[in-house]
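Below: the structure, in structure tokens.
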Amino acid sequence: MNDFPFKKLTQQVFTMISSPIPQQTVTLKQASSSSFNGAMGAALRATQFEVLAV
């Protein structure tokens, strides 16, 4: 996503992480934008959550 607010996300993540040790060990990296990344993200999410039957 070209206009993804990565800097804002990084700031918010680091305000929520305990300090000092975890903040010193966490690294966030922005993935390149591609249709493959989107498909992989969707597949990963689908395998991590159960679908609730209504």
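Counting begins at 1 with the first residue of the sequence. Just the heavy atoms: all of them, side chains too, but no hydrogens, waters or symmetry mates, feed the values below. Small disclaimer: the values here were computed from a predicted structure and weren't measured.
Considering all non-hydrogen atoms of both residues, Phe14 and Leu28 come closest at CE1-CD1, 4.0 Å. Considering all non-hydrogen atoms of both residues, Lys29 and Phe6 come closest at C-CZ, 3.8 Å.
Atom CZ in Phe4 sits 4.5 Å away from atom CG in Leu9 (nearest 0.5 Å).
Remark: Gln24 engages Pro20, Ile21 in a side chain to side chain contact (heavy atoms under 4.5 Å, CB included) (not counting sequence neighbours). Listed by chain and number, the residues in a side chain to side chain contact (heavy atoms under 4.5 Å, CB included) with Lys8 are Pro5, Gln12 (sequence neighbours excluded).
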